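For clarity, every value in this text was computed on a predicted model and none was experimentally measured.
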Amino acid sequence: MDNEHLDVTKAVAIVENIKEIIDANKEFLTKLDSAIGDADHGINMSRGFTKALEKVRNNQYNDIGAVFKDVAMTLMSTVGGAAGPLYGTFFMRASMKLAGQKEADLTLLAQAFREGLQGVVALGKAQLGDKTMVDALTPAIEALEAAAKQGLPLKEGLKRALDMAEKGMKDTIPLVARKGRASYLGERSAGHQDPGATSSYLILKAICEALGV
Amino acid sequence: MDNEHLDVTKAVAIVENIKEIIDANKEFLTKLDSAIGDADHGINMSRGFTKALEKVRNNQYNDIGAVFKDVAMTLMSTVGGAAGPLYGTFFMRASMKLAGQKEADLTLLAQAFREGLQGVVALGKAQLGDKTMVDALTPAIEALEAAAKQGLPLKEGLKRALDMAEKGMKDTIPLVARKGRASYLGERSAGHQDPGATSSYLILKAICEALGV
Amino acid sequence: MKKLINDVEKVVEESLSGLVKAHADLIKLHPSARAVLRVDSPKEKVAVISGGGSGHEPMHTGYVGYGMLDAACPGEIFTSPTPDQMYEAAKAVNGGKGILFIVKNYSGDIMNFQMAADMLAAEGIPVEQVVINDDVAVENSLYTAGRRGVGGTVLAEKIVGAKAEEGGSLEEVKSLCERVNANVRSMGMALTPCTVPAAGKPTFELGPDEIEIGIGIHGEPGRHRMKLKPAREIVEMLATPIVDDLPFKAGDEVLAFVNGMGGTPLSELYIVYNDLSDFLEKKGIKIVRNLVGNYITSLEMQGCSITLLRLDDEMKRLWDAPVCTPGLRWGM
Amino acid sequence: MKKLINDVEKVVEESLSGLVKAHADLIKLHPSARAVLRVDSPKEKVAVISGGGSGHEPMHTGYVGYGMLDAACPGEIFTSPTPDQMYEAAKAVNGGKGILFIVKNYSGDIMNFQMAADMLAAEGIPVEQVVINDDVAVENSLYTAGRRGVGGTVLAEKIVGAKAEEGGSLEEVKSLCERVNANVRSMGMALTPCTVPAAGKPTFELGPDEIEIGIGIHGEPGRHRMKLKPAREIVEMLATPIVDDLPFKAGDEVLAFVNGMGGTPLSELYIVYNDLSDFLEKKGIKIVRNLVGNYITSLEMQGCSITLLRLDDEMKRLWDAPVCTPGLRWGM
Ligand SMILES: Nc1ncnc2c1ncn2[C@@H]1O[C@H](COP(=O)(O)OP(=O)(O)O)[C@@H](O)[C@H]1O
Ligand SMILES: Nc1ncnc2c1ncn2[C@@H]1O[C@H](COP(=O)(O)OP(=O)(O)O)[C@@H](O)[C@H]1O
Ligand SMILES: [Mg+2]
Ligand SMILES: [Mg+2]
Ligand SMILES: [Mg+2]
Ligand SMILES: [Mg+2]
């Protein structure tokens, strides 16, 4: 097992860890969503990743793409709400890039996540600054890409991505939402951290932890 | 105006004073009814005597019976609940005894009230000790009758009646209700003063005050 | 107290005004007395009349119309109506075949309806009364004002109304009503109290995790107060005394009525129905008709009641017969 | 949190189970996907399908049946359903004349229905979508996810369902649905919040004398929070932006829909209807149809919404057409 590649075992560990971290933050995410949404984001995400993990645990995989494809399908059919199709699409598009791959380096991972993000934007039509998950995902994936271009190690790339996701997440606080339920609040949405941006950060954090970053 | 007779002017003053005292005790009666009933006794009684007073004020009377008949009819058609027909009947039966009378002495008053009480018992079928208005009315009317028999002055008779009504009212506290809504509480009705016994006491108190007792 | 009202003194009046405006094709107000009348009350039928305190909507005013009530007399909130209301309503809808009063067993209702019946009888109008007393929560009914009339009233009004509509005589309609009453049992519970507008405060208090089993429809306390339980256990606590009382037996065909107290979402009532259906299935009691919803309420109270009616063929047929009222409608 | 439930994870499942047991003559569950289907969905008609988060009962599952929906796909409480639900439901009720999805405008609903539509289109099944967005409480809809779909959805489902039932083509049914949406406006308010079972806490907080004007059906905050007002003023605050928006004009014939949020007693809704009727009369707007009751709810929330639909002759005729669903029934 090398440190520069994501492989099937690690991919499964990632799913396990996402489930853990989302569960641990279930109430927190729901609380964020109750401030500017409808108080279900943590519940939805926890339900989805619990099912995704069940699915992944009950399967044998030969490539990373297949792991993420199962995650995508499960999220799509169990999360519901806005986050369901968005994260479903994210993992689906990423899995297509990783299809057939037994391992992925930083470059491939960055490409896969970029595809995922493009899917999210195509479906949800959110722009940067609309106070959504896109605000955490975009800088994180840009950081991954930059690190890949500089030939940095996988862990270093992920670490930088996580830092940027965290920054993007926190930067949603002053924003006025323009997409999703929070947009109905208008100015009143400012001052609250976006739940979806937060779950995106937590997912990245789980990936990092699973890979020992 | 003599002190030994009730006349039309005093009868109207009685209605005015009942309305005052019931209004002043509206919340209290409702609170008693909320402990062992449905929290409307004060509201019902206040509505009824407000209307009764309106009616009485808008009329000219030649006899006491007519005053109480208007009170009876108004209570019957505005109070509702258990208290409406009971007090309606009380005043109706009393008014029949007083029909055509320009004044009433203690003896006649005692007879009229006895008739009223008999109407209440015929309609509601409550026995002494069932924790109802009958428990305040019965000893009070017995005191009136006794005072009349002894040839005591009107005011003295009323004073004794009021004392007995108060005692009867307080004696309802430990009783277990067997009639009316409070009976549904079973043992739990013990420890609370009956709202209807309380309004009966207050009506008698208003009569006393109106007559300067 | 937070309510969508204008004036605590005018709650009943304004609500009735809205009701008859919304359903002017079915019902109208009596010109002088506080009573809701069918617009098309036919001559040549027994007039079925009910009434009682307001705050239980849609009962009774919402049940006036084809195949159910000819008139309803609403009192103030939780307060029996007065005899003049029933008297005037009866005079207005009397078609010559007589009047049936369906009365819920509460001291006030009994006395006020009795006085109205006396007034009508004095004028030679044939009038009968049936008192509904289906609430098994009331134990020792010998030492109380007796069992209260609750959910069974709605079923009686529907079935008896259909019988009157098809031309039943006063005697037939009355005895059917007695038969319904003899075969129906109910019990309710509350999650939260309710607030009579004129009182401004809840009629009773329940802790944040307490419920009251055996509650009456005016918030009269019930059999026990206890900690919140799962719906399944609540259903068992309500349905067991109901089943044991009649008793309902394996093979009986019943109408199962899950009623909301006014503030309970429909989704929860269906959970209750689901559990009730399991409960009765285990006992071999067959649900052949059902009614689920807020039909006899206690203002905004959260909670539910369960009513079981043992059906015979006539009752089934009459239950299925067309009904067209603001609160219950099918077949037309 | 006090609710008549067994398990926060199973609220939707058990409630659906109760619903289909109670109305087995009208509806059934899809054998694998979470969807409620008409038992008698005829071939040779456009299948009308809706869905959305649960917690708004009777919408949508209670509107499946003759003359309304062919299928409804309930999500978790306040959470959009997933594409596989709509996909499977559509496959089950597809009669060959195509599928219309009636979608409320929420990001989640839009995306999930869109994915289902893509999946069906990929199989060559003709599918159209109409998004209902009638909530005038949402200002600046350019800078938001747009106006939400609220009370107008119920009216659209009834009218469009009747059109499909009488054999309208997919094109006709769709364009009628768009016409209903173009002529309907709504706004709601809350007296109290509601609690999503899985969350266990109220979705927002309101002081003991505060109300929220312009609330969404998931407890999304509205335009203003203010002190409790009389019903008449609340009606004015809701109806004025509704009337001004379309705008509704003197002489317009409308369907006036006073909806309860789930925990509001019917008596209060009729007071609101009474005030609304006065309000519209002053403006010369004529109520020619109405609906008053709890039809699109937010769990046990207390409050109400007002919806006005400008009617044309076809809409009137289709509104009056027979409908037979658990939640809405007349004419049969
Ligand atoms: N159009 C969109 N594009 C990207 N992200 C979105 C969009 N709409 C909503 N989101 C994200 O989804 C999150 C809310 O998810 P969730 O609470 O699960 O769904 P819902 O709003 O349907 O209840 C928001 O915090 C936001 O980050
Ligand atoms: N059968 C009865 N006989 C005599 N008094 C009765 C009877 N039933 C009830 N009452 C009296 O009526 C009172 C309650 O009156 P009220 O609250 O106005 O009526 P309700 O119980 O219908 O709400 C009781 O406190 C009791 O004194
Ligand atoms: Mg949410
Ligand atoms: Mg009382
Ligand atoms: Mg009362
Ligand atoms: Mg949601």
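Surrounding CE of Met96(A) are at most 12 heavy atoms belonging to other residues, nucleotides or ligands under 6.0 Å away. Heavy atoms from other residues, nucleotides or ligands lying under 6.0 Å from NZ of Lys69(A) number 12 at most. Heavy-atom neighbours of Gln127(A) CD from other residues, nucleotides or ligands within 6.0 Å: at or below the threshold of 12. A 6.0 Å sphere centred on CD of Gln129(D) holds more than 12 heavy atoms belonging to other residues, nucleotides or ligands.
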Trace of the side chain to side chain contact (heavy atoms under 4.5 Å, CB included) decision for Asp40(A) with Glu76(D): CA-CA 9 Å; Asp40(A) 63 358; Glu76(D) 287 299 316; over 6 Å; no
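Looking at Tyr184(A), its side chain never comes within 3.5 Å of a backbone N or O of Ile215(D) through a donor-acceptor pair.
For the atom pair His218(D) NE2 and Asp33(A) CG, the distance stands at 11.0 Å (nearest 0.5 Å). Atom-to-atom distance recorded for Lys201(D):NZ and Glu27(A):CD is 4.5 Å, nearest 0.5 angstrom.
When all heavy atoms of His224(D) and Arg188(A) are compared, the pair lying nearest together is N-NH2, 4.3 Å. Listed here is the closest heavy atom pair of Asp38(A) and Val196(D): O-CG2, 4.4 Å. Minimum interatomic distance between Tyr106(D) and Arg181(A) (heavy atoms only, all atoms of both residues): CD2-NH1, 3.3 Å.
Both the backbone and the side chain of Asn112(D) come within contact range of chain A, judged by heavy atoms closer than 4.5 Å. In this structure, chain D has a heavy atom under 4.5 Å from the backbone of Val79(A), while its side chain stays farther away. Residue Phe204(D) does not touch chain A at all, counting heavy-atom pairs closer than 4.5 Å. At a 4.5 Å heavy-atom cutoff, the contact between Thr78(A) and chain D is made by backbone atoms alone. Only the backbone of Ala177(A) comes within contact range of chain D, with at least one heavy atom under 4.5 Å from a heavy atom of that chain. Both the backbone and the side chain of Leu123(A) come within contact range of chain D, with heavy atoms under 4.5 Å apart. Both the backbone and the side chain of Ser77(A) come within contact range of chain D, each with at least one heavy atom under 4.5 Å from a heavy atom of that chain. With a 4.5 Å cut-off on non-hydrogen atoms, Arg34(D) does not touch chain A at all.
Of the listed residues (Ala82(A), Gly81(A), Gly88(A)), the one with the most heavy-atom contacts under 4.5 Å to chain D is Gly81(A). With respect to chain D, the highest number of heavy-atom pairs below 4.5 Å among Arg47(A), Met73(A), Lys31(A) belongs to Arg47(A). Of all the listed residues (Pro83(D), Pro81(D), Gly108(D)), the one sharing the greatest number of non-hydrogen pairs under 4.5 Å with chain A is Gly108(D). For the options Ile77(D), Thr82(D), Asp84(D), Thr203(D), heavy-atom pairs under 4.5 Å to chain A are most numerous at Thr82(D). Counting heavy-atom pairs closer than 4.5 Å to chain D, the top residue among Gly80(A), Ala182(A), Ala83(A), Gly84(A) is Gly80(A).
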